[in-house]
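Heavy atoms only: backbone and side chains are in, while hydrogens, waters and symmetry mates are out. Within every chain, numbering begins at 1; the chains are lettered A, B, ... in the order of the sequence lines, protein sequences first and strands thereafter.
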Amino acid sequence: MKILDRLKELEGVEAIASDYPSTGVHVDVLMGLTWVRTFASLIREEDFLIESVTAVDAEPNMMVLYHFTHPDELCRVAARVLVERSVKRCPTISDIYPGANWHEREVRDFFGIVFEDHPDMTPLILPEDQVDFHPLLKKENKIKILSEVFDRFVEEKAEEASANEGEVSE
Amino acid sequence: MLNYFKEIFVGIKSLLIGMKVTAFYGTKRTITAHYPFEKIPVTLNFRGHIDLVVTKKGYHKCITCGMCERACPSGCITLDSVKPEGAKKKKLTGYTLDFTKCSLCGNCVETCPTNAIKYSNDYYLVGTSRHDFHFDLLDRAMKAAEEMGIEWTEPVEKPKEPKEPQAEGGESPSPAGA
Amino acid sequence: MIQKPDPTQETLVLNMGPQHPSTHGVLRVVLHCDGEYVLDAEPVIGYGHRMHELIGEVRDHRGFYANVGRMDYGGALSFGHGHILAVERMLPDLEVPERAEYLRVITTELNRVASHLLWFGAFLLDLGAFTPILYSFDDREAILDLLEHVTGARLTFSYMRVGGVCADVDKDWCDGVLAFVKRMRDRIPMYHKLVSGNIIFRKRVEDVGLITRDMALKYGCTGPVIRGSGIPYDVRRSEPYSIYPELDFDIPTSERCDCMGRYDVRWAEIEQSLRIIEQAIAKLPEGPVMAEKVPKVIKAKGEVYQAVEAARGSLGYYIACDGSTSPYRMKIRVPSYSNLSILKELTRGILLSDLVAVMGSFDLVIPEIDR
Amino acid sequence: MQIESPNILLIVVAAVVMVLYVFTNSAVLVWVERKVSAHIQRRPGPFEVGPFGLLQTAIDGLKLMAKQLIIPGKADKRLFMLAPVLSFVPPIAALLTVPFGKVVQVQNLDIGILFILSLAALNVLAILIAGWASANKYSLFGAVRSVAQNIAYEIPLLLSLLTAVLWMGTLNLGELVDAQGGFWFVFTPFGFVAFLIYFVTGMAETNRAPFDLPEAESELTAGFHTEYSGMGFGLFFLGEYTNMILVSAIATSLFLGGYNLPFVTLNGEGVLWELIRVLIFLAKAYFLIFVMIWMRWTFPRVRFDQLLNLCWKVLIPFSLVNLAAAAIWIKAVGG
């Protein structure tokens, strides 16, 4: 897969081939917050189609998840970026992919993650005056550690996650 | 210029073709059913709300295991049972279906170990309050038995009663585990 | 002193919806109009939001499959298909019988035809023709009768089960399906005579709502919208699932990029679906319709993304499980959501009537957007 | 012609009869429209009230009368109430000059056509007032559309009628019918073209689909009568159907030979002959209405700019050329 090679060249992006039959994803990408826009531009150059932007609430970081797929070849890219639960800020890709506009607003509605430089962060689905209510945030007793849910983070939990956090604070 | 006239000609022709189609169907028989006077028979597989199966002996097959209650994603089934003194099995005293919450997924019917519930073919459902859709299935089963001409008879466990003291020790875990 | 507004710069704000005949549900579009011209159209969604994603996280996998059909009342079976395939992906040991897969595909394709017929009628209703919807409903009813025979429901079929389907079909039903395929093929020329060739219709939809290839990719449009822009992206072919690789069918596309292109694509798709149904009925193997060993309680771990081609485009289920009985996170990527988000850019400077035509050509199902 | 003092009593009686006729006509037409549309759509239509559902419209009328008249808070109340009346009365007045038979014509005016056209033009005023007074944006849209549409379509309408007037050399409706006799104007090529143009513009003037832009249901919810309920809406309804009969009555008397059969002129005297003539006239008029209904339930609605394009680029050039050709023909051959 061409995209995998190209993604591997980016230093802040860690891309691995994923097990398609069990996950439905070909390329699994983990990137730092500062790399989101670079990644999006690159994947836009490759003519990928945006499928969805969503988030998962977990401890200690929340995960924003992008899905892209290619219209011609069989290749789905799942890109993750970790967002600190207390900060909840993430760069927008809505200028690169206008289709992400609504998805990002929805994520803001449901999780409270603010996408920086997004043209319009008013609630899309929730009532316009309801800015502090985020229904998909997990309750105290339900919330899990990120690595408990996602195998992706198990081995690199110790080093990588901390490295990413380091990037966030930069 | 030629295109201009061609377009007018083609346009008028296409309109006339369209009118021909509607005229053709206008002269044909109507295909709707005049609802209150004629009803379309419901298919055998139609999945309405659930009902208790009435057996030939005039009783239901429910063993009150509670599988349906647990399988129901919307929590619309409520089972009431008592264990009569000295009886081996629990006895169903009430089977309530809150149809206002039911989404007809069919989980209850599929998980039932004794096939005690089935889908009814009832789709003429109308009510003036939501309490009209809290069905007492046990009651409905009794009425169904009456309509079928079967007498509602509770199976008599008495012949087994003398053996009960011996069997009780072995039997008691099974209702609890079900 | 209050400044007087300049009447030449004044625009008319028009709330189209939430109750409006051609928004197909509770969708509101805030229009800024200059006379008949739409300067800006901002869709406002969420009036019928039921938070299906949260319900999916509360209920277990089995409890959720009645919900998925409620999202898209037009093509409920593809939504069920996607969900079940996603759950089955997490259970690698489960072997779904072939007959079940064939039945899933046959019913889904029948449902797709029904959905396209519904769209056809509603689209023409938007354009002001009242009769085609009743003709298309005549055919749609025939499909619903067939589907009722096997699934037991007419609209929100909860037919798919983990490990198979809930009911088997018999020979009579297959004959009925083949008879329907023949009937539908006979009826298609009538539709084209009545509508496709009609000069008024053509003038209304041609060169209206142009979506270029690039726009379609940027906005993530899928389904007939992207295929109407000349990109042959169909999940059934691009990312084969179920038994679609074994079937012979084409992905119709149109280079027109306008409403007419989408219209043509949908009609071609109906014909392809009929082809699929015919082949699948011919190939339908004997056997059980339910896997033998289906776990009573589904406990899975890991995450899956399953895409299927619903009637309106690529439908994706993202399920992340933490090993408990219910998903930790469930995200449903619905096609109409992305398709509708293009509306703002698409309708700048077009006429009000064209806006209605463009929205009609998207085949919007609002409960799907407000899932 | 000497000006006679009009027989007031006759006119009053005739007006009452005409109002009654208009009401029955609308009731029947609504029933016909519902039945025709139903059968085109393969359903039975009204069949419950009365034989074949004939009394359905009467019941509907009763319902409309019983309904509350809701006037929007910000509406201009007087104009709001005036508009339905304005849409309903002029067509009735116009019908007074229509020659249903040789004798059955309330007032034979020398400028009959002009009289009818000037009254028919009031229709657009009614819609404009309704749209404006409702204080509703959809209504306003409908009103604006209606004005643009009706004013544009007035031109080909006049031109096509002018062809007929030129051909027969009179504005008097009775004389126009007599001038044709059995040889209907529509049998001549000029008459045929003029008739087609007249029919299309007539549909547009009456806001019938596919030209029902002022009330375009799928775009403007109900257009100019969005805010009207009860009999306010009912009067618009009546006005629409009265306009339909007016348009087809003019078409019948100008192009389709009025009460004459094709190639047969009916000149008999007596009540029976008069009755036959009236029936023939009505049959022709109602056939045209049937075609209008048939077209409504077949075609999609045209777009606003296309409507005007059709008028300016097709109908007006064609009717102008047709008029000129007819004039030359008269000068060269007939003159």
Side-chain angles (χ1 to χ4, degrees), chain A residues 18-26 28 44 47-58 63 65 67-76 78 94 96-103 105-107 109-110 120 122-128 135-136 138 142-145 148-152, chain C residues 42-47 49 51 53-54 57 85-86 89-90 92 213-222 226 231-235 238-241 301-307 314 316-318 320-324 328-334 337-342 344-345 369-371:
Chain A
S18 179
D19 177 30
Y20 176 70
S22 69
T23 60
V25 170
H26 297 89
D28 197 332
R44 174 81 195 90
D47 255 2
F48 270 78
L49 174 131
I50 184 161
E51 273 187 321
S52 76
V53 179
T54 184
V56 183
D57 185 26
M63 182 176 83
L65 185 61
H67 280 110
F68 297 93
T69 193
H70 202 279
D72 301 327
E73 61 173 313
L74 177 55
C75 179
R76 174 168 290 114
S94 62
I96 304 163
Y97 272 104
N101 188 321
W102 278 20
H103 288 291
R105 280 174 74 184
E106 190 188 309
V107 169
D109 278 11
F110 292 164
D120 179 17
T122 52
L124 175 71
I125 287 168
L126 297 180
E128 270 157 47
L136 280 186
K138 296 273 175 190
K142 287 270 178 73
I143 197 158
K144 297 247 166 133
I145 308 292
E148 277 179 22
V149 187
F150 301 100
D151 296 335
R152 180 79 162 94
Chain C
E42 175 82 52
V44 181
I45 59 173
Y47 285 90
H49 204 278
M51 209 76 229
E53 291 179 9
L54 188 57
E57 288 164 27
L85 284 175
R89 226 174 235 262
M90 293 188 292
R213 186 195 141 87
D214 211 40
M215 261 166 89
L217 290 177
K218 275 198 295 193
Y219 276 92
C221 297
T222 46
I226 198 172
I231 304 175
Y233 175 66
D234 186 314
V235 183
S238 311
E239 195 187 336
Y241 59 93
K301 184 147 170 34
E303 45 178 341
V304 293
Y305 187 93
Q306 174 67 47
S314 159
Y317 283 93
Y318 168 76
C321 288
D322 57 351
S324 67
Y328 185 72
R329 171 85 178 102
M330 167 168 266
K331 159 82 186 171
I332 304 147
R333 183 254 188 243
V334 284
Y337 190 80
S338 299
N339 290 353
L340 180 66
S341 67
I342 203 169
K344 192 179 165 76
E345 185 170 330
I369 296 168
D370 297 346
R371 64 224 172 272

Begin from the C-alpha positions of E51(A) and K331(C) and carry the test salt bridge (charged side-chain N to carboxylate O under 4.0 Å, His left out) through to its verdict. CA-CA 11 Å; E51(A) 273 187 321; K331(C) 159 82 186 171; over 6 Å; no
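- Remark: L49(A) CG to S338(C) OG distance equals 8.0 Å, nearest 0.5 Å.
- Neither the backbone nor the side chain of P127(A) comes within contact range of chain C, judged by heavy atoms closer than 4.5 Å.
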Go through E303(C) and V56(A) one step at a time and tell me if the side chain to side chain contact (heavy atoms under 4.5 Å, CB included) criterion holds. CA-CA 12 Å; E303(C) 45 178 341; V56(A) 183; over 6 Å; no
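- Note on M215(C), E53(C), E57(C): by heavy-atom pairs under 4.5 Å with chain A, the leading option is E57(C).
- With chain C as partner, the option from A55(A), S52(A), P71(A), A100(A) having the largest number of non-hydrogen pairs under 4.5 angstrom is P71(A).
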Given D47(A) and R213(C), is the side chain to side chain contact (heavy atoms under 4.5 Å, CB included) satisfied, shown in steps? CA-CA 10 Å; D47(A) 255 2; R213(C) 186 195 141 87; 3.0 Å; yes
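- With a 4.5 angstrom heavy-atom cutoff, T69(A) touches chain C only via side-chain atoms.
- In this structure, the portions of S341(C) lying under 4.5 Å from any heavy atom of chain A include both its backbone and its side chain.
- Interface remark: L126(A) contributes no atoms to any contact with chain C (heavy atom separation under 4.5 Å).
- Going from atom OG1 of T23(A) over to atom CE of M90(C) covers 12.0 Å, rounded to the nearest 0.5 Å.
- Considering all non-hydrogen atoms of both residues, P135(A) and M51(C) come closest at CG-SD, 4.1 Å.
- Contact annotation for H67(A): only side-chain heavy atoms (C-beta onward) come within less than 4.5 Å of a heavy atom of chain C.
- Contact record, Y328(C) with A58(A): OH-CA, 3.8 Å, taken as the closest heavy-atom pair.
- The candidate with the highest count of non-hydrogen atom pairs below 4.5 Å against chain A, out of V334(C), D370(C), D234(C), L340(C), is L340(C).
- Interface remark: L54(C) contributes backbone and side-chain atoms alike to the contact with chain A (heavy atom separation under 4.5 Å).
- The residue among N101(A), D57(A), I96(A) with the most heavy atom pairs within less than 4.5 Å of chain C is D57(A).
- From E106(A), atom CD reaches atom CD1 of I45(C) across 7.0 Å, with rounding to the nearest 0.5 Å.
- Between chain A and the options Y233(C), Y241(C), Y47(C), Y337(C), the largest number of non-hydrogen pairs under 4.5 Å is found for Y337(C).
- When heavy atoms are compared at a cutoff of 4.5 Å, E239(C) approaches chain A by way of both its backbone and its side chain.
- Within the cation-pi definition used here (under 6.0 Å to the ring centroid, within 45° of the axis), R333(C) does not qualify as a partner of F68(A).
- Minimum heavy-atom separation, I125(A) to H49(C): CG2-CD2, 3.2 Å.
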Does the pair Y318(C) and V25(A) meet the rule for a side chain to side chain contact (heavy atoms under 4.5 Å, CB included), with working shown? CA-CA 10 Å; Y318(C) 168 76; V25(A) 170; over 6 Å; no
Intermediate values then yes/no, side chain to side chain contact (heavy atoms under 4.5 Å, CB included), D214(C) and R44(A): CA-CA 10 Å; D214(C) 211 40; R44(A) 174 81 195 90; 2.6 Å; yes
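- When the candidates S314(C), A307(C), G220(C), G323(C) are compared by the number of heavy-atom contacts under 4.5 Å with chain A, G220(C) comes out ahead.
- Atom NZ in K218(C) sits 12.0 Å away from atom CD1 in I50(A) (nearest 0.5 Å).
- Within the 4.5 angstrom heavy-atom criterion, no atom of D109(A) approaches chain C.
- For I226(C), the part lying under 4.5 angstrom from a heavy atom of chain A is the side chain only.
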